[in-house]
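What follows is a short report on a single structure.
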Amino acid sequence: DAKTTQPPSMDCAEGRAANLPCNHSTISGNEYVYWYRQIHSQGPQYIIHGLKNNETNEMASLIITEDRKSSTLILPHATLRDTAVYYCIVRAGGSQGNLIFGKGTKLSVKP
Amino acid sequence: GAVVSQHPSRVICKSGTSVKIECRSLDFQATTMFWYRQFPKKSLMLMATSNEGSKATYEQGVEKDKFLINHASLTLSTLTVTSAHPEDSSFYICSVSGVGNQPQHFGDGTRLSIL
């Protein structure tokens with residue numbers, strides 16, 4: 001699975017959009033980009049995933065660049081409850097293997 | 001709603017005790033489940049892959065006789081920490097492998113504290 005690079009931490013004002021970047025320059029054609037978050041003392045929560053098209057669900061939007069070497073997770077209106085560590089993970093489609101977690105981005109939403 | 005149920009959420013026990021943690025897949029049959037461990041301020045580290053009907057696959061450095069895994073049905077995997085010691089205190093998390101490109105889903109974790 002391709003390696004990902006994320007900033008260690010970010011701050012965001014409550015009510016504003018949080019844009020979390022992820023670099024995955026070695027991504028392969030069959031690899032998907034998955035985003036999870038982990039709120040303190042809980043298991044990771046699935047947010048969204050995509051292959052090459054932008055995706056949106058009730059939690060967030062995922063913007064993948066045309067060359068697929070980077071992506072951005074967008075929380076449109078961040079709340080205090082969105083404070084968490086966000087993980088960007090790349091994995092081959094159809095893989096039944098485990099997820100490899102990096103250090104993620106610690107997002108702090110401030111009032 | 002929850003896709004994976006993990007129980008118990010917290011355990012505090014004396015050194016030498018064996019502790020069993022259950023992980024249940026609620027929405028679908030899971031031939032593969034994963035067990036992770038997370039130390040404070042660290043990321044999740046895979047301990048073992050649990051395969052229904054066969055032996056678990058352990059990561060390097062994880063003692064299979066210490067961390068017993070049983071995956072006897074398509075909806076239940078258990079992790080037993082045998083003769084637990086204070087250094088086994090950690091946050092243990094299970095996950096269920098998704099089908100095709102569907103995502104893995106995680107349990108809420110078990111906080112194990114050995115006194």
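Most heavy-atom pairs under 4.5 Å with chain A, from the set S97(B), C94(B), G107(B): that is S97(B). Ranked by heavy-atom pairs under 4.5 Å with chain A, the first of D108(B), T110(B), I93(B) is D108(B).
In terms of heavy atoms, G97(A) sits closest to F34(B) at C-CZ, 3.3 Å. Closest of all the heavy-atom pairs between Q38(A) and F91(B) is NE2-CE2, 4.0 Å. Between Q102(B) and R91(A) the shortest heavy-atom distance is O-NH2, 4.2 Å. Heavy atoms only, all atoms of each residue included: N98(A) and Y36(B) are closest at CB-OH, 3.5 Å. Across every non-hydrogen atom of S43(B) and G102(A), the tightest pair is OG-O, 2.6 Å.
Neither I21(B) nor L46(B) shares a network with the other; the hydrophobic side chains, linked directly or stepwise wherever heavy atoms of I, L, V, M, F, W or Y lie under 4.5 Å apart, form separate groups for each. At a threshold of 4.5 Å between side-chain heavy atoms, the hydrophobic network of Ile, Leu, Val, Met, Phe, Trp and Tyr places L51(A) and I89(A) in one connected group. Hydrophobic clustering, with ILVMFWY side chains joined whenever heavy atoms are under 4.5 angstrom apart, groups I69(B) together with L112(B). V62(B) and Y92(B) fall within the same hydrophobic cluster, where Ile, Leu, Val, Met, Phe, Trp and Tyr residues are linked whenever their side-chain heavy atoms come under 4.5 Å apart, directly or through other members. Tracing side-chain contacts under 4.5 Å through hydrophobic residues (I, L, V, M, F, W, Y), one never reaches Y86(A) starting from I74(A); they form parts of separate clusters.
Counting non-hydrogen atoms of neighbouring residues, nucleotides and ligands closer than 6.0 angstrom, the NZ atom of K106(A) exceeds 12 such neighbours. K55(B) NZ: 12 or fewer foreign heavy atoms inside a 6.0 Å radius. Heavy atoms of other residues, nucleotides or ligands lying less than 6.0 angstrom from NE2 of H85(B) number more than 12.
F106(B) and F101(A) have their aromatic ring centers within a separation under 6.0 angstrom.
At a 4.5 Å heavy-atom cutoff, the contact between T32(B) and chain A is made by side-chain atoms alone. Within the 4.5 angstrom heavy-atom criterion, atoms from both the backbone and the side chain of L44(B) approach chain A. Residue contact with chain B, scored on non-hydrogen atoms closer than 4.5 Å, is absent for Q45(A). Only the side chain of Q38(B) has a heavy atom closer than 4.5 Å to any heavy atom of chain A.
Atoms CD1 and CE, from I100(A) and M45(B) in turn, are 9.5 Å apart once rounded to the nearest 0.5 Å. Residue Q104(B) holds its CD atom at 5.5 Å from OH of Y36(A), rounded to the nearest 0.5 Å.
Counting only residues at least two apart or on different chains, the salt bridge (charged side-chain N to carboxylate O under 4.0 Å, His left out) pairs with a member in residues 62-86 of chain A are R37(A)-D82(A).
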